[in-house]
There are 2 protein chains.
Amino acid sequence: MNTRIRTILLLAFTTPAPVWAADPPAAPKPLTTAEIIASAAPTDWRRLDPADTLYLDLPSGRVVIELSRQYTPRHVAAIKTLASAHYWDGLAITRLQDNFVAQWGDPDNTRKLPPIAVMPPEFSRVAGPDLTFTALPDPDGWAKQVGFSDSMAAARSGQDAWLAHCYGAVGVGRDNAPESGTGNELYVVIGQSPRQLDRNVAVVGKVWRGMELLASLPRGTGDGLGMYEKPEQRVPIKALRLASEVPEAERTNLEVLRDDRPVFARFVEARRNRRDDWYLHPAGHIDVCNVTVPVRDVR
Amino acid sequence: MNTRIRTILLLAFTTPAPVWAADPPAAPKPLTTAEIIASAAPTDWRRLDPADTLYLDLPSGRVVIELSRQYTPRHVAAIKTLASAHYWDGLAITRLQDNFVAQWGDPDNTRKLPPIAVMPPEFSRVAGPDLTFTALPDPDGWAKQVGFSDSMAAARSGQDAWLAHCYGAVGVGRDNAPESGTGNELYVVIGQSPRQLDRNVAVVGKVWRGMELLASLPRGTGDGLGMYEKPEQRVPIKALRLASEVPEAERTNLEVLRDDRPVFARFVEARRNRRDDWYLHPAGHIDVCNVTVPVRDVR
């Protein structure tokens, strides 16, 4: 049965390429996603800038978050201020709602916030010529168009553009008032994309490494919202730092595949139409939240 | 900050309805999803039939699966045969791939299978007049139309209908040959809906209770497919039984909201357009995999 277990999911692009014996001539085999990724040139990859990267260090390991350079400048600046002040160190993940979000902050409301001015909502931005946006060919029910900005899932309708709530999206918790988010309560999407949150919250970035550390945490049971009801259930934050403020030897240096290169389009096409031996029915479609952008360690 | 944590997600329909003071007259407040669900009549709910219900009992608790009555009769019959033979008892969850699936079966391939005839694929069925299907008004990129059959997410295109790979969908692992699935390797979707699997696998049912027990398991690291690499990492299956073969006193009796009732349409509409005080921008859309069908214990 092991072969069955394995072969059901040739989805993973880590599957090694098959080796072909000297069979009769046939149509050329389409490249696997692994082969497409391997064909990328060094310049097809973008290295995360340590000045825009956060490390959420948990007892189980490190979560690497990239902050958006294009969508939420005021919120990103506030979050950097908080990280530089070591605001979150010793605080905790306080909420884990199944199929929805992991969230952290100051559960007892005792940590003094550094001075942060009230921010505009930044729930979307103007889709002007300064915005980079690589469109997907596929329709989307939540927006006129979807695609990628800095390889993060994004969407636009008319003049509005925003980062989409896909798996791994990082957002800023807020109260009912639109300008009430200070950046000190952050959440990460851990389940089916809750796109209804789009344009209602500032999405500030994306987890590029370590999602499994968040998504596998025990679910909370409080208030029907996944709150950890007892302090001892909370998951302590060892540190949440800007990568640029961590010694170089302790950094996790990552590269993501750039969305504006032909190899990215080839990768997406190989995911839209799976052509390995397992698939009988290539979908001819992909949802922006189903595009798992390749990430690799810098060698 | 606690109010901020809570109010970000008035999404949960457990949020209590606000109490209104004697304010000036205003437009009537839309019902909350909790109020809509509370308004359902007893006949708006469907009790799971123990003859179509599986209990996957893990050390951490029980996962309740309903087998489809309409889509995959041959596979469902095979699975019932396996459960009645106690085939899975003492076997294990062998795979946990982040944002994808939990899967169980016979990792060492030592358990004798009861006699099961080779089955037709059942990856889709004819959308004939005997199929119940409540359509969603919203477009879908993966199928001509989406909706619900027995309150399970489903899809159809032309004459084909199938159960959709949403969070909690249960499918039958197979090898490359379409008829190679015997039903003894089952997987459950634990992340963003992998709809590319639609029409490539037999989806046999849906988890109605206990998803958090599967989705919070440690991720495996083997083969890039989330396999548990060491036997001691596997999660033992205490028992996997048909509910009808479990003593009544030990059953978990559930009801799900019927998809063919007006109250279901009102519930979906309240999720398509969130109108509580937190939302600024109702989406006017929902993905079939974002409809979290209400489930309750039988009182």
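Protein chains get the first letters and strands the later ones, always in sequence-line order, with residue 1 at the start of each. Everything numeric in this text was worked out from a predicted model, so none of it was measured. Values below: every heavy atom of this structure, side chains too, minus hydrogens, waters and symmetry copies.
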Evaluation steps, side chain to side chain donor-acceptor pair (under 3.5 Å), between Asn176(A) and Tyr279(B):
CA-CA 8 Å; Asn176(A) 281 359; Tyr279(B) 276 89; over 6 Å; no
Just do the side-chain contact (heavy atoms from CB on, under 4.5 Å) check on Thr292(A) and Phe100(B) with the steps written out, would you?
CA-CA 11 Å; Thr292(A) 306; Phe100(B) 196 35; over 6 Å; no
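Chosen from Gly141(B), Pro139(B), Gly191(B), Ala143(B), the residue pairing most often with chain A at heavy-atom distances under 4.5 Å is Gly141(B). Counting heavy-atom pairs closer than 4.5 Å to chain B, the top-ranked of the candidates Ser193(A), Ser60(A), Ala283(A) is Ser193(A).
Rounding to the nearest 0.5 Å places CG of Asn273(A) at 11.5 Å from CD of Gln196(B). For the atom pair Gln192(B) CD and Asn99(A) CG, the distance stands at 9.5 Å (nearest 0.5 Å). Trp278(A) CH2 to Leu197(B) CG: the interatomic distance, rounded to the nearest 0.5 Å, is 5.0 Å. Interatomic distance, Ser157(A) OG to His281(B) NE2, rounded to the nearest 0.5 Å: 7.0 Å.
Across all non-hydrogen atoms, the minimal contact from Ile286(A) to Trp142(B) is CA-CH2, 3.7 Å.
At a heavy-atom cut-off of under 4.5 Å, chain A is reached by Met211(B), Glu212(B), Ala215(B), Ser216(B), Leu217(B), Pro218(B), Arg219(B) from residues 208-219 of chain B, listed in order of number.
Using a 4.5 Å cut-off between heavy atoms, Asp138(A) does not touch chain B at all.
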